[in-house]
**Q** 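Got a structure for you, questions after.
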Amino acid sequence: MANPLLDQSGLPKFSSIEPSNLSPAVSTLLENLDKDFADLTSKLSSGEETKSVDYEEVLPELEKMQFGLGYAWGVTSHLNGVKNSEDLRKAYEENQPKVVKAMAQFSQSREVYDALSAIRASMTEGEDIDFETSQKLRAVDNSLRGMKLGGVGLDGAEKDRFNEIRLRLAEIGTSFSNNVLDATKAFSLVVEDAAEVEGVPDSAKAMWASAYHASLGDEGKDVEVDAEKGPWKITLDMPSYIATMTHVPSRSVREKVYKAYITRASEFTEVDEDGKSKNNVPSIYEILKLKEERAKMLGFNNHAELSLASKMAPTVDSVKELSDLILDKALPSALRELEEITAMARANGGDDYTEENLEKLMPWDTTFWSERLKESKFDLKEEELRPYFALPSVLDGMFGLIERLFNVEVKKDESGVETWNPDVSFYNLYDKDSGKQIASFYLDPFSRPADKRGGAWMDVCIGKSDACGKDIPVAYLTCNGSPPVGDKPSLMTFREVETLFHETGHGLQHMLTKASVGDVAGINGVEWDAVELPSQFMENWCYDKKTVYGFAKHYETGEPLPEEMFEKLKEQKTYGAGMMACRQLLFGLLDMELHSNFDAEAAENGGETIFDVHRRMAEKCTPYSQPLPEDRFLCTFSHIFAGGYSAGYYSYKWAEVMSADAFGAFEEVGLENEEKVQEVGRKFRDTVLSLGGGVDPMEVFKRFRGREPSPEALLRHNGLTE
């Protein structure tokens with residue numbers, strides 16, 4: 001039987017891909033890649049050829065030769081996140097060094113670098129260049145910069161060491177993620193006393209009762225799930241954890257679950273059956289040391305400087321300045337919010353919450369009482385909203401918004417496209433003017449803690465590329481939302497609705513691109529601190545009346561969301577905005593501090609530890625909520641230690657300034673003015689969503705908005721303008 005990872009003519013053959021396919025596929029693809037690359041470098045190094053080399057002879061050729069391995073490895077990486085297994089982990093870890101090494105040769109080829117430098121010298125630039133030329137310019141500039149940061153200027157032992165670091169960082173990143181996944185699914189707490197879950201929403205109890213029933217395996221075949229009587233099995237995957245912190249009245253249950261959550265993948269985590277440690281603490285120190293060493297080899301003072309070399313933010317100080325500007329507004333608001341929450345707990349929580357018994361709220365109290373305060377302020381419970389947010393209806397409404405704004409129709413593909421799980425569905429996008437299919441995406445909406453990592457993300461399945469003959473970009477949209485329970489559809493929390501809109505925003509930038517140079521098509525080549533613009537922009541529409549009433553109808557009766565509930569939902573938008581902003585700023589500044597001003601060597605010899613830095617940055621950003629001594633949040637901070645956000649987590653706030661300002665363009669014409677909203681929507685598609693990495697992101701924003709972004713809209717949207 002043919003290897004499904006080598007059948008790259010269309011969509012991945014998910015139903016036939018097995019972990020055993022990976023090694024033979026990688027071997028075949030590497031053999032082809034090595035031969036093609038050797039032929040290219042030989043041609044480029046032959047005499048005078050480099051001086052007269054043409055763009056078409058270099059970057060498009062590189063795109064073509066990298067496609068095969070990129071396709072197979074991308075599919076495998078995706079499966080590693082959504083259908084994780086021991087066999088797949090083993091195959092992935094075995095082949096990762098070969099893939100990393102193969103990709104390193106592209107960034108370190110002097111022949112390619114010299115050819116691209118010659119091409120760049122021959123290219124003209126200016127304000128009047130067309131989009132095709134702009135794409136090529138950006139692709140060449142990005143490639144040259146990427147090669148400099150990839151060690152093209154290094155030789156001998158220094159180059160060998162650089163490549164060792166690259167390989168080791170890839171290995172640690174994978175083990176870091178695996179440890180988080182394993183530690184998350186290792187914990188569970190069975191609750192049998194109904195008093196401990198009194199008042200908890202039915203949806204949460206049903207989820208926990210189903211989890212308990214599933215854990216019985218064959219023994220549970222004749223046992224009925226009883227959401228009211230239990231038992232209930234609480235786990236650490238997001239829907240379960242958030243429901244526990246928000247709704248469980250028992251302080252002891254919340255404390256156990258909270259402490260289990262903040263100590264995952266740390267020295268407090270038990271070793272597995274094979275005696276293998278799941279502790280990420282040593283990995284973090286090694287990552288920080290390796291990244292600093294690599295940065296210094298390239299002439300930077302630290303990893304943060306290296307990271308910012310390819311971002312919009314010019315310096316570490318500029319990131320801190322924006323963060324401090326927002327923090328100055330957010331912190332007083334956060335302190336007022338906590339005061340109110342504490343007063344609520346003191347007044348309604350009984351003896352446990354008197355000042356004599358509890359000096360201040362503990363971290364496992366705050367979310368619970370914040371929710372009670374929100375319910376009392378707005379007379380609206382999250383559970384009352386869920387029946388109006390059934391996933392099928394939310395999708396219909398979101399697709400309606402996409403059609404209104406961007407003139408694109410989204411249709412479910414019923415042709416039997418292969419997927420990795422029955423929960424997954426597949427959709428096609430059609431341009432309404434031409435009727436032509438322009439993109440597709442997979443949607444994997446539900447939490448599956450046994451084999452799917454937490455969080456939500458968008459990733460590339462197939463990118464648009466003239467060189468590779470790919471005209472239909474395909475995206476993966478992955479969430480970890482509340483799964484259906486029994487015969488009920490997935491009834492989403494409002495936050496889950498926002499998350500779906502967020503990831504779809506990323507997907508739209510990938511799918512609606514007009515760029516045809518693969519390296520700058522869609523999200524490729526977009527500076528990291530601009531890439532969150534479309535995703536955060538889409539979240540704003542969750543508070544737009546026309547959009548919400550496009551999906552908010554009761555899943556049983558079809559009745560629309562009552563008007564007063566929608567008004568309360570809008571009023572809630574800025575509830576807790578101060579504390580939320582401070583939390584995000586803490587993560588961003590903690591990340592930047594660790595990568596710019598922290599000495600990992602000294603820490604291992606009695607100096608300041610990573611957890612000391614966490615406490616120090618919390619003193620600045622969230623002084624009202626210091627981490628517990630055993631808090632090991634950093635051990636699960638996959639964004640910066642296993643993802644692409646190291647010295648880049650600030651990007652969420654940086655891009656939020658742009659996304660809020662972009663939505664301001666719609667507010668200015670009037671959200672009720674449908675004709676104008678559609679006009680601005682088309683402009684957003686033609687700039688932010690279409691140009692991808694083919695135009696500098698500040699220029700893209702200016703083409704849409706007519707000026708540079710201002711933080712005023714962000715502060716206004718968050719109620720922080722006082």
Side-chain angles (χ1 to χ4, degrees), residues 1-29 67-96 99 174 177-178 181 185 214 217 391-392 395 410-429 437 439-463 468-481 483-484 489-490 500 503-504 507 510-511:
M1 184 178 137
N3 190 323
L5 285 172
L6 295 177
D7 182 353
Q8 303 182 349
S9 54
L11 296 168
K13 310 300 183 285
F14 284 114
S15 55
S16 42
I17 294 171
E18 296 291 340
S20 58
N21 299 136
L22 184 58
S23 290
V26 167
S27 293
T28 300
L29 293 164
F67 177 80
L69 184 61
Y71 182 103
W73 192 247
V75 168
T76 306
S77 298
H78 175 69
L79 288 173
N80 204 35
V82 295
K83 195 180 178 182
N84 195 281
S85 69
E86 280 304 318
D87 287 345
L88 182 56
R89 279 188 191 188
K90 190 176 175 185
Y92 189 87
E93 289 166 10
E94 185 182 308
N95 286 281
Q96 187 177 41
V99 175
T174 300
S177 292
N178 288 340
L181 177 62
K185 67 184 182 183
L391 177 64
L395 288 173
V410 184
K411 292 182 182 175
K412 190 171 186 178
D413 190 315
E414 304 283 8
S415 66
V417 170
E418 295 180 33
T419 64
W420 53 92
N421 187 282
D423 293 342
V424 180
S425 46
F426 189 77
Y427 298 85
N428 297 318
L429 275 67
Q437 183 189 349
S440 301
F441 68 93
Y442 296 88
L443 175 65
D444 187 350
F446 308 130
S447 169
R448 290 189 303 276
D451 63 0
K452 181 178 176 184
R453 70 178 171 91
W457 64 94
M458 170 265 158
D459 211 344
V460 173
C461 176
I462 297 172
C468 299
K470 299 296 177 185
D471 196 39
I472 306 288
V474 182
Y476 301 118
L477 303 186
T478 308
C479 299
N480 266 279
S490 166
L500 177 63
E503 298 309 330
T504 302
H510 172 64
M511 295 185 285

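Predicted model, so just to flag it, every value in this text is computed and none were measured.
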**Q** If every non-hydrogen atom of Cys479 is compared with every non-hydrogen atom of Glu503, which pair is closest and at what distance?
**A**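 Cys479 and Glu503 have their closest heavy atoms at SG-CG, 4.3 Å.
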**Q** How are the rings of Trp420 and Phe14 set to each other: parallel, tilted or perpendicular (split at 30° and 60°)?
**A** perpendicular
**Q** To the nearest 0.5 Å, tell me how far Ile17 CD1 sits from Lys83 NZ.
**A**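 NZ of Lys83 is found 9.0 Å from CD1 of Ile17.
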**Q** Looking only at heavy atoms, which two atoms of His510 and Gly463 are closest? And how far apart?
**A**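 The pair with the smallest heavy-atom distance is CE1-CA, 3.8 Å.
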**Q** Do Glu93 and Asn178 have side chains that approach each other closer than 4.5 Å (heavy atoms only, starting at C-beta)?
**A** yes
**Q** If you apply the rule side-chain contact (heavy atoms from CB on, under 4.5 Å), what do you find for Thr28 with Asn3, and how did you get there?
**A** CA-CA 10 Å; Thr28 300; Asn3 190 323; over 6 Å; no
**Q** Would you indicate whether the side-chain heavy atoms of Leu391 and Pro445 approach each other to under 4.5 Å?
**A** yes
**Q** Is any side-chain heavy atom of Leu29 closer than 4.5 Å to one of Phe67?
**A**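 Sidechains of Leu29 and Phe67: no contact.
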**Q** Write down the atom of Gly507, the atom of Leu477, and the distance for their closest heavy-atom approach.
**A** CA-CD2, 4.0 Å
**Q** Should Val99 and Gln96 count as side-chain neighbours, where that means a heavy-atom distance under 4.5 Å?
**A**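 The answer is no, as the side chains (C-beta and beyond) never meet within the 4.5 Å cut-off.
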**Q** Classify the ring geometry of Tyr476 against His78: parallel below 30°, tilted from 30° to 60°, perpendicular beyond 60°.
**A** parallel
**Q** If you round to the nearest 0.5 Å, how far is CE of Met458 from CE of Met511?
**A**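 Met511 CE to Met458 CE: 7.5 Å, rounded to 0.5 Å.
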**Q** Assess, by modelled atom type and distance only, whether the side chains of Ser85 and Asp451 contain a donor and an acceptor separated by less than 3.5 Å.
**A** no
**Q** What is the distance from atom CD of Glu18 to atom CG of Leu88, rounded to the nearest 0.5 Å?
**A**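 So the CD of Glu18 and the CG of Leu88 are separated by 10.0 Å.
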**Q** Shortest non-hydrogen contact from Ile462 to Leu11?
**A** CD1-CD2, 4.4 Å
**Q** Would you say the side chains of Asp7 and Ser9 form a donor-acceptor pair under 3.5 Å?
**A**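 Yes, Ser9 and Asp7 have a side-chain donor paired with an acceptor closer than 3.5 Å.
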**Q** Out of curiosity, Leu5 CG to Leu69 CG, how far, rounded to the nearest 0.5 Å?
**A**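 Reported value, rounded in 0.5 Å steps: 10.5 Å.
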**Q** With a 4.5 Å cut-off on side-chain heavy atoms, are Tyr92 and Pro19 touching?
**A** no
**Q** Can you confirm whether Val82 sits close enough to Asn421 that some side-chain heavy atom of one is under 4.5 Å from a side-chain heavy atom of the other?
**A** no
**Q** Begin from the C-alpha positions of Leu22 and Trp73 and carry the test side-chain contact (heavy atoms from CB on, under 4.5 Å) through to its verdict.
**A** CA-CA 8 Å; Leu22 184 58; Trp73 192 247; 3.9 Å; yes
**Q** Taking all heavy atoms of Asn95 and all of Ser23, pick out the closest pair and write down the distance.
**A**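 So the minimum-distance heavy-atom pair works out to ND2-OG, 3.0 Å.
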**Q** Decide yes or no for Leu500 and Thr504: does some side-chain heavy atom of the first lie under 4.5 Å from some side-chain heavy atom of the second?
**A**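 Sidechains of Thr504 and Leu500: in contact.
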**Q** Given side chains that start at C-beta, do those of Arg453 and Asn84 come closer than 4.5 Å, heavy atoms only?
**A** no
**Q** Please report the C-alpha distance between Lys452 and Asp444 in whole Å, then the side-chain angles of each, then the deciding distance to 0.1 Å, and finally whether the side-chain contact (heavy atoms from CB on, under 4.5 Å) criterion is met.
**A** CA-CA 10 Å; Lys452 181 178 176 184; Asp444 187 350; 3.1 Å; yes
**Q** Is atom NZ of Lys185 surrounded by more than 12 heavy atoms (other residues, nucleotides or ligands) closer than 6.0 Å?
**A**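 Above 12, so yes.
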**Q** According to ring pair (Phe, Tyr, Trp, His ring centres under 6.0 Å), who are the partners of Phe446, at least two apart in sequence or on a separate chain?
**A** none
**Q** As an exercise, state the distance from CH2 of Trp457 to CG of Asn480, rounded to the nearest 0.5 Å.
**A** 6.0 Å
**Q** Identify the two heavy atoms, one from Gly10 and one from Tyr71, that lie closest to each other, and give their separation to 0.1 Å.
**A**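 Minimum heavy-atom contact is O-OH, 2.7 Å.
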